[in-house]
Amino acid sequence: MCGITGVFDTRGGSEIDRNLLHCMNQTLTHRGPDEGEMHVEPGVGLGHRRLSIMDVSSGQQPLFNEDGSVVVIFNGEIYNFQKLVSELTALGHQFRTHCDTEVIVHAWEEWGEHCVERFSGMFAFGAWDRNQQTLFMARDRLGIKPFYYTLLDNGLFLFASELKALLVHPDFDKTLDHQAIEDYFAYGYIPEPKTIFKNTFKLNPGYSLLLRRGQQAIQPHEYWDIPFASHGALSEQEAAEELIVRLRNAVDSHLMSEVPLGAFLSGGVDSSAVVAMMGGLMKESVNTCSISFADPAFDESDYARLVADRYQTQHFTEQVKQDDFDLIDRLAALYDEPFADSSAIPTYRVCELARKQVTVALSGDGGDENFAGYRRYRWHMIEERLRSKLPLGLRKPLFGLLGNIYPKADWAPKFLRAKTTFESLARDSVEGYFHSVSILDNKLRRQLFSPDFHHSLRGYQAVEVLRGYADKSPTQDPLSLIQYLDMKTYLVGDILTKVDRASMAHSLEVRVPLLDHELVEWVSGLPTSMKLRQQEGKYILKKSLEPYLPHEVLYRNKMGFAVPLASWFRGPLRERVRAALLGNTLADTGIFDMAFVKKMLDQHQSGRRDYSAPIWTLLMFEAFLRNTLNMGNVSYTRQDRKVA
């Protein structure tokens, strides 16, 4: 696993500032502590930080072809590289190393832009071809590895694995994107392709980007999408048997390594499935790592121990402290832009634990999106059945009225929170789903933001992110559609971002076999009744795993990976939160109605309402601002003042 950064002069062959490129590259040392090298020529500068996993002795980057005309920097793993080496060797290409990086160089020479369609793995890379004067870049199909880019006013194109490398450049535009701020307070992260900065973007998963010298138009190209194409008639038994074969093959392909390898084991279905497959494939004992919590409402460690004992793994567990909130500022520095998933704290800790034992860890991420495991999918399908019985023209006034008059009941079980259900039923399917996943719903965001900030949005609302993906979705099946929306937004913007930054902070490579693209394609084509049956999510996955995992692991209630925010904000963090949220940092932006911020804090800390999620979202935004301000000027709007 590695970090990459690059500078490309789109207008000509200007001299690249080698010292500046070095500084950009050094910000990514945590991603690659083993080696750091650069290549500079007129108009092009490429930097790489290496975490040695494969071909430790000779896999250094930047890496060149035989005559030095093509050079690549690469972050990730190409799991089918040995097959591609054989194919390319037969076509006359000569390999000097035994690492997967060299495959990219020769695949580009042989197949051009289509080379990326042949790669199976997680990757983000840039390849410079001097003869063609082109820079080719790509990101893997599901967005496991990150890729940021910006085009400066002087024609320099910058790209990197993390925003912090771009922020080093003195000409980087730190103007905040107001639409991205609206998105952040709705979703808790900033969905692709936006970033928090107005003129900087993430390359979408499944996209490539080709730049030619003299061309400044940035036009990413989509090379892959989740098909959701039916396999035809398939019995439950046939599906279960084939799923195990495909799952085992996916895990097997992710085991290549020349350094110690293990797995996260939370005690949930997904991580347990990965460990079960590893147990049957590896000759040596699997190293597994778990985090426990003192509060039994959050603790899954006993279930993890059941799986560890069954497969006789070398199991390591550490308990996260109930007051493990000192990471707040550390998280802001890790993510470089606002990120409000509080499970980033235990994720950081489990990566910290794993790195003490291994250099590579497999995780179960992606199972909920693939197999419809989230509780919200069940509620959405119940609401969809109700929506289908009444047209929107009748539902909107009826349920809108009920939603307005029904009292808010944060303390009640979800099935008693009729207000939220009524509000969702008053909307169409996409907006209803958006309402269910929003951290701050439309009403709360209207109250939180100042009139001037609302005006600056010019009518933009965060739901447009989901509507954009819904419009291009290959499926209109109600369940498949929201799975598709989550794979395009929540999976990449939240889950995979969280794991990438937390693992890279500890120089740990994390692999996600449940997001093997061939497995994802096949699972997407299964009937929805095999994913969500009545109230049982992951139905076919659990059925297929019955011979491999204990019943109490497969069929217990999902717990999640949460932290006790509500009690933190009323107890040990009470004064710290008030000082952060009511201080000058947020007030000076002009973005917020500070009277409403205070009202939320007062109501939460008095116990009248549970505003823990919105408060955490604000807290992480404030921490981001302080962290960014410390790195230099940040502009709230182009016309507005700059704060130093």
Side-chain angles (χ1 to χ4, degrees), residues 179 181-191 340-341 368-369 372 374-449 454 457 459-471 473 476 478-491 493-494 532 560 596 600 609-618:
Q179 290 188 6
I181 295 171
E182 156 76 357
D183 290 346
Y184 167 71
F185 280 97
Y187 298 102
Y189 57 92
I190 298 170
D341 186 343
D368 286 311
E369 292 81 6
Y374 292 123
R375 292 189 192 98
R376 62 178 180 261
Y377 293 165
R378 302 173 218 173
W379 288 105
H380 180 79
M381 294 308 292
I382 292 171
E383 292 170 359
E384 280 294 280
R385 286 194 286 272
L386 292 171
R387 287 190 186 97
S388 68
K389 298 182 185 303
L390 285 175
L392 182 60
L394 291 177
R395 280 190 287 108
K396 191 168 184 177
L398 172 61
F399 291 112
L401 174 63
L402 290 171
N404 284 331
I405 65 176
Y406 203 88
K408 184 76 171 170
D410 295 326
W411 48 268
K414 180 155 186 175
F415 71 90
L416 293 177
R417 298 181 205 171
K419 183 180 183 71
T420 301
T421 301
F422 290 152
E423 289 172 340
S424 185
L425 289 172
R427 297 164 163 85
D428 64 31
S429 296
V430 172
E431 191 172 356
Y433 188 63
F434 170 74
H435 182 69
S436 72
V437 300
S438 297
I439 294 180
L440 281 80
D441 62 22
N442 292 343
K443 181 179 178 181
L444 264 180
R445 295 197 312 283
R446 283 196 301 270
Q447 294 173 299
L448 177 67
F449 294 142
H454 275 295
L457 291 174
Y460 174 80
Q461 291 187 324
V463 69
E464 294 177 28
V465 173
L466 295 189
R467 290 205 186 281
Y469 286 117
D471 288 344
S473 169
Q476 292 305 309
L479 178 59
S480 297
L481 175 60
I482 59 173
Q483 287 181 273
Y484 182 81
L485 296 181
D486 271 355
M487 289 181 177
K488 295 297 183 179
T489 57
Y490 181 67
L491 176 65
D494 188 309
L532 178 60
F596 182 71
M600 274 204 309
R609 293 286 299 274
D610 182 1
Y611 280 124
S612 55
I615 289 171
W616 178 261
T617 307
L618 276 165

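All residue numbers refer to positions in the sequence shown, counting from 1. Just the heavy atoms: all of them, side chains too, but no hydrogens, waters or symmetry mates, feed the values below. Keep in mind the model is a prediction, meaning the values are calculated, not measured.
Contact between Leu618 and Met600 at its shortest, heavy atoms only, is CD1-CE, 3.6 Å. Gln476 approaches Ala470 most closely through the heavy-atom pair NE2-O, 3.7 Å. Considering every non-hydrogen atom in both Asp441 and Leu444, the closest pair reads OD1-N, 2.8 Å. Counting all heavy atoms, side chain and backbone alike, Gly459 lies closest to Glu464 at O-OE2, 4.0 Å. Scanning both residues, Leu485 and Leu466, for their nearest heavy atoms gives CD2-O, 3.5 Å. In terms of heavy-atom proximity, Asn442 sits nearest to Arg445 at OD1-NH2, 2.8 Å.
Defined by atom type and a distance below 3.5 Å, a donor-acceptor pair is present between the side-chain atoms of Tyr460 and Asp183. Checking Tyr187 against Asp341 by side-chain atom types alone, no donor-acceptor pair falls below 3.5 Å. Looking only at atom types and distance, the side chain of Tyr374 has a donor-acceptor partner in the side chain of Glu369 under 3.5 Å away.
Of the possible polar contacts, none joining the Ser473 side chain to the Tyr469 backbone as a donor-acceptor pair under 3.5 Å is found.
Contact annotation: the side chain of Leu532 approaches that of Leu479 to within less than 4.5 Å [non-hydrogen atoms, C-beta and beyond]. Phe434 is listed as a side-chain neighbour of Ser438, based on a closest heavy-atom distance under 4.5 Å. No side-chain heavy atom of Phe596 sits under 4.5 Å from any side-chain heavy atom of Phe449. When side chains are defined from C-beta on, Val465 does not count as touching Lys488, because their heavy atoms never get closer than 4.5 Å. A 4.5 Å side-chain heavy-atom check between Tyr433 and Leu481 finds every atom pair outside the cut-off. Looking at Tyr490 and Val437, their side chains never come closer than 4.5 Å, going by heavy atoms from C-beta outward. Between Tyr377 and Gln483, the closest side-chain pair of non-hydrogen atoms falls below 4.5 Å. Side-chain atoms of Ile181 and Ile190, non-hydrogen and from C-beta on, never get closer than 4.5 Å to each other.
Under the rule for a side chain to side chain donor-acceptor pair (under 3.5 Å), Arg446 has no partner lying at least two apart in sequence or in another chain. Every residue two or more places apart in sequence or in another chain was checked for a side chain to side chain donor-acceptor pair (under 3.5 Å) with Tyr184, and none qualifies.
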- Begin from the C-alpha positions of Arg376 and Asp486 and carry the test side-chain contact (heavy atoms from CB on, under 4.5 Å) through to its verdict. CA-CA 11 Å; Arg376 62 178 180 261; Asp486 271 355; 2.9 Å; yes
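Taking 4.0 Å as the cut-off between side-chain N and carboxylate O, Asp428 and Arg467 count as a salt-bridged pair.
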